[in-house]
Amino acid sequence: MDKERALEEMMGKLGDFGRYQGFQFFLHILAALTAGLHMLSLVTVAAVPEHRCAINGVDSSNHTELWTSELVTNAIPLNIHGKLDSCKKYGENNTIVECDTWVYNTDYFSSSRGIEWDFVCSRRWMGAIAQTAYMFGVVVGSIVLGRLCDRHGRKTTFVLSSVFQIIFGTTVAFATDYYTFIVIRFLYGIFGSGSYIAGFVLTMELVGPRRRTICGVTFQIMFAVGIMVLAAWGYFVDNRFYLQIIYGLHAVILVPHWFLMDESPRWLWSQGRARESVAIIEKALKMNRSTETVETSVLVSQCKVTCAKYSDEQSSGTCDLFKTRNMLKKTFIICGCWFANSVVYYGLSLNTGKLNGNPYFITFLMGVVELPSYVIIMYYLDRVGHRALISVMMLLGGISCLVVVALPHGSTSATGVVMVGKMFISGSYSIIYKYSAELFPTVVRSSGVGLGSMSASISGALTPLISLLDSLNPKIPTIIFAFLALLSGFSTFFLPETVGRTLPQSIEDGEKFGVGDTCFTNCSGRRMSNTSEDLPETMIPLDLTVKKS
């Protein structure tokens with residue numbers, strides 16, 4: 001048996017997707033549902049409904065005057081959209097002064113952190129920082145938990161993260177002051193996506209190459225389902241305390257995975273634990289009702305050689321991504337794509353409260369509109385190619401944002417175009433992970449994907465702060481989103497296609513890979529040369545963190 005093919009031949013006996021992989025995959029994707037729910041929980045828990053200044057002698061703790069009342073319209077000026085200004089009122093001698101207290105429209109929300117702590121006007125930064133704290137927690141989590149995945153196993157990280165999701169997801173509901181709330185939100189963010197990371201890696205290392213695309217897209221579908229579940233609970237539970245408790249307790253469905261889910265055979269193999277790895281394969285073959293067998297003694301002897309191979313490969317790190325011209329170009333472009341996709345995706349998702357209509361229904365639609373793009377991707381990705389789909393979807397997402405800028409603020413047509421933009425950007429976001437993994441050579445693939453993922457997390461943390469720029473002009477954030485999407489979508493034209501290509505292995509392969517292959521020379525995605533032979537990719541265990549060289 002070829003020593004370098006020992007692991008692949010063992011995994012190949014399972015087939016691409018059997019009963020065993022199906023059961024394990026079902027367990028893995030539940031983490032995507034909880035990740036989507038945790039990530040956008042502030043959309044309901046800290047919602048800021050329509051508001052205006054409280055008028056002395058008119059509004060009281062027991063009574064709120066109708067917004068159409070003459071007492072109200074005479075006391076508050078109109079904004080540029082012809083509505084009551086939400087931050088100013090008339091003072092003495094008809095001077096315009098800033099509000100110090102507010103009343104809220106309780107048609108949809110009567111309880112939220114935004115109402116409780118007044119995340120409005122000059123205090124809007126408080127709501128933005130709350131979401132930014134969570135996203136910076138995700139950045140830290142991608143580093144810490146990614147390392148934990150590689151050192152202590154995917155299964156351990158998966159269950160550990162789910163336990164802390166429960167702890168911090170419920171504890172944050174009890175926070176009585178703002179800064180304690182921010183600290184817990186940060187810790188909540190560290191573990192909020194931890195199970196998702198581990199679950200995704202487990203799936204990619206278990207299923208066959210022909211099913212990795214559809215399984216990866218299914219993770220995105222379940223993330224969108226999490227957004228729908230978020231909106232449904234918000235509609236039925238109009239109390240921010242109980243609502244947050246419910247969100248946090250969703251992670252309970254992940255805890256039994258300790259007894260139901262198996263560790264990654266590839267990770268066990270990389271750690272030299274060949275007997276455990278082979279035992280899982282034997283269990284899987286039996287569940288798949290396969291007649292294939294494995295020779296444990298032979299595989300155990302091969303494991304040491306393979307592990308030595310991994311150790312040599314992993315000596316390369318993040319710095320190698322910037323040492324050569326072609327690798328540098330691909331690294332900057334792909335990190336820009338991660339950054340742009342994330343900032344536009346979360347920019348549109350977190351601003352649902354500014355759209356016209358029922359906020360719960362709009363949030364639910366934000367999840368629903370992602371589904372058509374995933375169907376398109378599953379059908380066309382391997383037919384059209386990664387480069388063509390990701391660039392077209394980002395460009396269409398950017399164009400949608402520009403159209404929104406031209407439409408009347410808060411109009412139904414603007415809401416519809418935002419949904420279209422969300423559909424396109426969701427599609428490009430779901431491709432970026434697989435495309436990144438295929439662009440970089442094996443020895444720095446983990447570093448490249450980890451760097452891109454970190455770029456996305458950082459941009460996600462900056463998104464709420466960018467949204468604050470609407471205080472200068474309501475169109476500024478959307479223009480920024482459009483510019484980033486268009487710029488990144490155009491830059492993708494300069495990347496090579498990866499469908500049907502032999503993936504690069506060494507740094508030298510990575511530098512040569514795709515030279516001269518751009519959308520301007522080969523936009524169809526067809527092979528540049530017919531002289532190369534496609535070889536099966538050897539998949540080493542993924543590391544989602546950025547390695548230090």
Side-chain angles (χ1 to χ4, degrees), residues 138-139 142-143 146-147 150 197 201 204 216 313-345 385-391 393-394 428-462 483-499 501-522 525 528 537 539-540 542-549:
V138 174
V139 175
S142 67
I143 299 172
R147 290 290 185 185
D150 285 329
I197 292 172
V201 173
M204 293 297 106
E313 286 177 343
Q314 292 178 352
S315 60
S316 300
T318 306
C319 288
D320 293 289
L321 298 170
F322 303 95
K323 288 182 177 179
T324 56
R325 182 177 179 180
N326 191 32
M327 287 286 290
L328 177 67
K329 180 191 77 171
K330 289 187 288 188
T331 300
F332 272 120
I333 292 176
I334 209 67
C335 285
C337 288
W338 277 93
F339 188 96
N341 273 280
S342 178
V343 78
V344 178
Y345 181 91
H386 297 71
R387 177 181 60 201
L389 270 183
I390 195 171
S391 59
M393 285 190 160
M394 289 187 72
S428 62
Y429 205 174
S430 67
I431 303 171
I432 192 70
Y433 187 95
K434 187 172 184 289
Y435 188 36
S436 301
E438 292 175 346
L439 275 176
F440 296 112
T442 300
V443 293
V444 289
R445 183 164 296 143
S446 299
S447 297
V449 174
L451 186 61
S453 180
M454 181 173 292
S455 299
S457 297
I458 292 173
S459 70
L462 295 176
F483 173 77
L484 290 174
L486 292 172
L487 178 63
S488 295
F490 179 75
S491 69
T492 310
F493 289 157
F494 296 93
L495 293 176
E497 183 53 72
T498 58
V499 171
R501 269 71 166 177
T502 301
L503 300 186
Q505 300 295 325
S506 65
I507 294 293
E508 184 179 358
D509 292 339
E511 176 62 15
K512 295 178 180 178
F513 183 72
V515 173
D517 180 10
T518 70
C519 191
F520 303 103
T521 60
N522 184 39
M528 289 288 291
E537 175 194 2
M539 178 180 243
I540 64 172
L542 291 172
D543 174 10
L544 294 187
T545 62
V546 180
K547 293 178 170 34
K548 294 182 180 179
S549 300

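Rounding to the nearest 0.5 angstrom, the gap separating the OG atom in Ser391 from the CG atom in Leu486 is 12.0 Å. With rounding to the nearest 0.5 Å, the separation of CD1 in Ile390 from OG in Ser436 is 7.0 Å. Separating the CG atom in Asn341 from the OG atom in Ser428 is a distance of 3.5 Å, to the nearest 0.5 Å.
The nearest pair of heavy atoms linking Tyr435 to Arg387 is OH-CB, 3.7 Å. In terms of heavy-atom proximity, Cys337 sits nearest to Ser488 at SG-O, 3.9 Å. Closest approach of Leu484 and Ala340 over heavy atoms only: O-CB, 3.6 Å. The two atoms that bring Glu497 and His386 nearest to each other are OE2-N, 3.0 Å, heavy atoms only. In terms of heavy-atom proximity, Lys330 sits nearest to Leu439 at NZ-O, 3.9 Å.
Counting heavy atoms from C-beta outward, Met393 and Tyr429 have side chains that stay 4.5 Å or more apart. Residues Ile334 and Ile432 meet the side-chain proximity criterion, which asks for heavy atoms closer than 4.5 Å.
Side-chain N/O atoms of Ser459 and Ser342 include a donor and acceptor closer than 3.5 Å.
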